[in-house]
Asks: 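Handing you this structure, nothing more for now.
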Amino acid sequence: MRWQDSTGRFGAKDAGTLAALVSPTEGESFLSAASEGAMLLADLAAEAVARAISEHGDGALLSLPGTEYGLPCLYGWKGVRTLALGEAETFLQTMAIPEPSSPDCLRTIGENSLLAAEIAEAAACISGSGACIGFIPDSEVAVHGLSVVDGTIPGAAVLLADSGHRETAEGMAAECLSRGMLAMVCWDSGAGAPACDRKHFLGEAAGAFRSLSFAVRVALSMGGVRPGDRKGLSSYLDKRFRVAVIGTGAFSRLDAAFFSAALLHGASVVTDRDIPGAPEGVSCCEDGRRMVIRAIEERGIEALDAFPDIPVRYGPEFEGELVKGEHVRLVAGGDGAMCFELLTSADGDAVEDGRVHLIGRDIGSFGEGDRVPLALVVEVYGREMHADLESVMERRIHRWINFAEGVWHSGQRDSVEIRVSGGAHAAGFVLKDLGRIVVSMVKREFGRTVTRVQCTVVTDPLEVGARHPGALAAYRRRDLRTEGLKDPSVDDFYSCSMCRSRTPDHLCIISPERPGLCGSVSWLDAKAGKEISPCGPYRPVAKGIEKDPVRGEWTGVNEAVRSATAGAVPRVCMYSIMDAPMTSCGCMEAVVAVTADARAFIIADRDYRGMTPAGVDFPGLAAHAGSGIQTPGFMGIGKSYIASERFISAEGGLPRVAWMTSRLKALIGPELRRRCEELGMPDLLCRIADETVTEDAEGLAAWMEKVDHPALHMDPLL
Ligand code: SF4
């Protein structure tokens, strides 16, 4: 595990220190090597800081590029976000030198090594002598950290190798990837590992420490760990972020220092060298073929079984991939073509485990770019299975299908669109593979609850139409379960982070009266989802102190959103669209938007293809509302929220709505009529225009005058 310095981070004067750090040790004990390594790292950091002071003065602030956390490890472990160069100099001089006999000796060595490496890197960056190649930016931490925390990625492997063992380590990295893990690699030859979404090249020299910066930022941003809460950080990393370090090749003092830091972060370490005096947590496995499995076992990582056996590559790294334009071979749903998905539980006898059935034509018999109807009907059985879990599993279909290379999925329930690329089709992908994905992933993620799964893929238009009413009835039954549950009657709301892989600054807050904006996650669904999958995307959010009952602002909700977005979204008002509205991803069922004269709102559903009186069509509205940015006056919602008494109550609620698509009126007509009755305005729905009345602002203004719309009697919104 020899590291060299081709990055130029360390200057020529440091050459002797560096050589002592990276040279193979000859029979030196682990503790001695680690202690020496920590001191040598501190020397290198001190030299880098001195050099930076001579160029920039001692007041210049140290921070790493690509992160909001300044010096993330220092922030996580000590609660100090950044240091001026002069402070860094003092900090390094006063680092505690542990007594070899003290019980915390190794932890202190690990922490000193980590912080010295981080300061050295930041000082090199400020001097421009280190490009920080291999540092993982916050944007990637958000994507992959979330997958690790919610269990989609079961753990991370950090692989170190010297030049003689790089090929072996490459093979180990591939094995880790195939088991669904994140692989962070650090070695000293070649231009870098081949790029792959779940494989990070950490750079050379002390680059391995960057893997720990990644872990610390996951704890701070997603684990709710407070900066400087050492106990909380330790506990979180131990329980939630499972890291296995695998080292091959010669053993150096830098390795020993890094291993000590890795142990501090709850990692297990497996090397192919028998290191004298190796502490608990560091073990030797000389059989290179067994090192990965040994590391996985030592750290207790629940590495996954194989992904679905389909002809295209599969994994979370393909989730953000778009399939569009001339690359589309087939589209199911959208633009008038029905496409729905439904997962229900069934009697054991009715479910033949693993059965995937196609009713209708397959992809090869359709024309290039054809748009077709499709239904994905999934039936599951398990003794522990119950109806509350159906929608939780059904909502996961969105991600599972997006994991397939060349296949894209959006929407939910009966607003689904699925695209298959020409490349996927050429590789042999057929429509039954959609079913194979779902069957395999239900078992993989919910195997403790579900023991049998079967899936029917339907493309026959008559059959899709015949099955659709049953799906609508099932969705309706689910929605009715939350009726009667009110926001004031619960102490906790829930957050859902499922869409953060695509929209990192978006977090849905789900209350009894406001479902997730995709419409398929109610408060009860999130509650059940949390129970069945504690590390999944749903988290309880204690409401905390009520700051504003009309706008729906609570301290606990603000804290949850602020923490999840690293401060990018500081507060959210649950019942307002004009003041700190909830952010949106791209999954919204409908968008609410303010009219140009700021007197009223319009609402368009995602299947609406025409123009709206706001002057844009649905994609235009979604662009205003989406991307995880708060845009007052624009907000994505789940359609059932419209009939809630909390619906934008800060701005007047349903009586503020002057225009709504006719499809929405039809879909939630009974609920809307009931709400109008509650408001004492039984004719309100008739006074809300739709596209059959007008599609432009002038027409809407005239309509509002004609029907004496209630919004005309309210205060202007701006
Ligand atoms: S839209 Fe919201 S509730 Fe729905 S899956 Fe995405 S984050 Fe979860």
Side-chain angles (χ1 to χ4, degrees), residues 410-411 415 496 499-500 502-510 514-519 550-553 557 561 565 568-644 646-661 663-664 688-691 694-697 700-701 704 711 714-718:
S410 79
S415 298
C496 175
C499 293
R500 295 192 66 206
R502 284 190 174 177
T503 315
D505 281 340
H506 170 63
L507 187 77
C508 268
I509 301 290
I510 299 165
R514 184 167 183 180
L517 59 88
C518 58
V550 178
R551 288 186 169 86
E553 185 175 8
V557 172
V561 173
T565 61
V569 181
R571 54 189 280 267
V572 158
C573 293
M574 293 284 289
Y575 312 142
S576 176
I577 181 174
M578 301 305 288
D579 181 19
M582 196 187 299
T583 55
S584 304
C585 56
C587 294
M588 69 282 278
E589 282 191 305
V591 173
V592 189
V594 66
T595 54
D597 60 8
R599 290 198 300 191
F601 294 110
I602 62 120
I603 312 177
D605 65 273
R606 68 180 303 126
D607 285 332
Y608 179 64
R609 292 288 171 264
M611 189 52 72
T612 71
V616 281
D617 56 8
F618 180 82
L621 292 174
H624 272 85
S627 309
I629 297 167
Q630 288 177 314
T631 313
F634 294 85
M635 187 167 70
I637 56 164
K639 60 181 181 297
S640 65
Y641 176 49
I642 303 168
S644 154
R646 310 282 164 193
F647 172 65
I648 54 170
S649 49
E651 285 83 25
L654 190 60
R656 240 334 159 172
V657 176
W659 188 95
M660 186 189 304
T661 57
R663 182 171 184 270
L664 270 178
I688 296 175
D690 57 37
E691 71 277 15
T694 181
E695 289 189 339
D696 59 48
L700 182 60
M704 289 173 72
M714 297 180 187
D715 291 337
L717 289 161
L718 294 174

Asks: Measure the shortest side-chain to side-chain distance between Arg646 and Met574 over non-hydrogen atoms and say whether it is less than 4.5 angstrom.
Replies: no
Asks: List the atom of Gly516, the atom of Ile510, and the distance in Å for their closest heavy-atom pair.
Replies: N-CG1, 3.8 Å
Asks: To the nearest 0.5 Å, how far apart are CZ in Arg663 and CG in Asp690?
Replies: 14.0 Å
Asks: Other residues, nucleotides and ligands only: do more than 12 of their heavy atoms fall within 6.0 Å of CZ on Arg551?
Replies: no
Asks: Provide the closest heavy-atom pair for Gly628 versus Thr503 in the form atom of the first, atom of the second, distance.
Replies: N-CG2, 3.3 Å
Asks: Are Thr595 and Ile602 side-chain neighbours, meaning at least one heavy-atom pair lies under 4.5 Å?
Replies: yes
Asks: State plainly whether the residues Glu553 and Arg571 are in salt-bridge range, i.e. N to O under 4.0 Å.
Replies: yes
Asks: In sequence, state the C-alpha distance, the side-chain angles, and the governing distance for Phe618 and Val591, and then conclude on side-chain contact (heavy atoms from CB on, under 4.5 Å).
Replies: CA-CA 8 Å; Phe618 180 82; Val591 173; 3.7 Å; yes
Asks: Could you state the interatomic distance from CZ (Arg514) to CD1 (Ile642), rounded to the nearest 0.5 Å?
Replies: 11.0 Å
Asks: For Ile577 and Val594: C-alpha separation, side-chain torsions, deciding distance, then whether side-chain contact (heavy atoms from CB on, under 4.5 Å) applies.
Replies: CA-CA 9 Å; Ile577 181 174; Val594 66; over 6 Å; no
Asks: Can you confirm whether Phe601 sits close enough to Met578 that some side-chain heavy atom of one is under 4.5 Å from a side-chain heavy atom of the other?
Replies: yes
Asks: Any side-chain heavy-atom pair from Glu589 and Asp605 closer than 4.5 angstrom?
Replies: no
Asks: Under a 4.5 Å cut-off applied to non-hydrogen side-chain atoms, are Val561 and Ile509 in contact?
Replies: yes
Asks: What distance separates Met588 CE from Cys499 SG, expressed to the nearest 0.5 Å?
Replies: 10.0 Å
Asks: Regarding Glu651 and Arg656, does a basic nitrogen lie under 4.0 Å from an acidic carboxylate oxygen?
Replies: no
Asks: If you compare all heavy atoms of Ala658 against all heavy atoms of Leu700, which two are closest, and at what distance to 0.1 Å?
Replies: O-CD1, 3.5 Å
Asks: List the steps, then state whether side-chain contact (heavy atoms from CB on, under 4.5 Å) holds for Arg599 with Leu717.
Replies: CA-CA 6 Å; Arg599 290 198 300 191; Leu717 289 161; over 6 Å; no
Asks: Rounded to the nearest 0.5 Å, what separates atom CG in Leu664 from atom NZ in Lys639?
Replies: 8.0 Å
Asks: Could you grab the distance from atom CZ of Phe647 to atom CG of Leu654, nearest 0.5 Å is fine?
Replies: 6.5 Å
Asks: Can you find a heavy atom in the side chain of Pro716 that is under 4.5 Å from one in the side chain of Leu718?
Replies: no
Asks: Is Cys508 close to Leu517 at the side-chain level, that is, under 4.5 Å between some pair of heavy atoms?
Replies: yes
Asks: With side-chain contact (heavy atoms from CB on, under 4.5 Å) as the criterion, how do Tyr575 and Val550 come out once you've worked through the C-alpha distance, each side chain's angles and the decisive distance to 0.1 Å?
Replies: CA-CA 7 Å; Tyr575 312 142; Val550 178; over 6 Å; no
Asks: Is any side-chain heavy atom of Arg606 less than 4.5 Å from a side-chain heavy atom of Ser410?
Replies: yes
Asks: How many angstroms lie between atom CH2 of Trp659 and atom CE of Met704, to the nearest 0.5 angstrom?
Replies: 14.0 Å
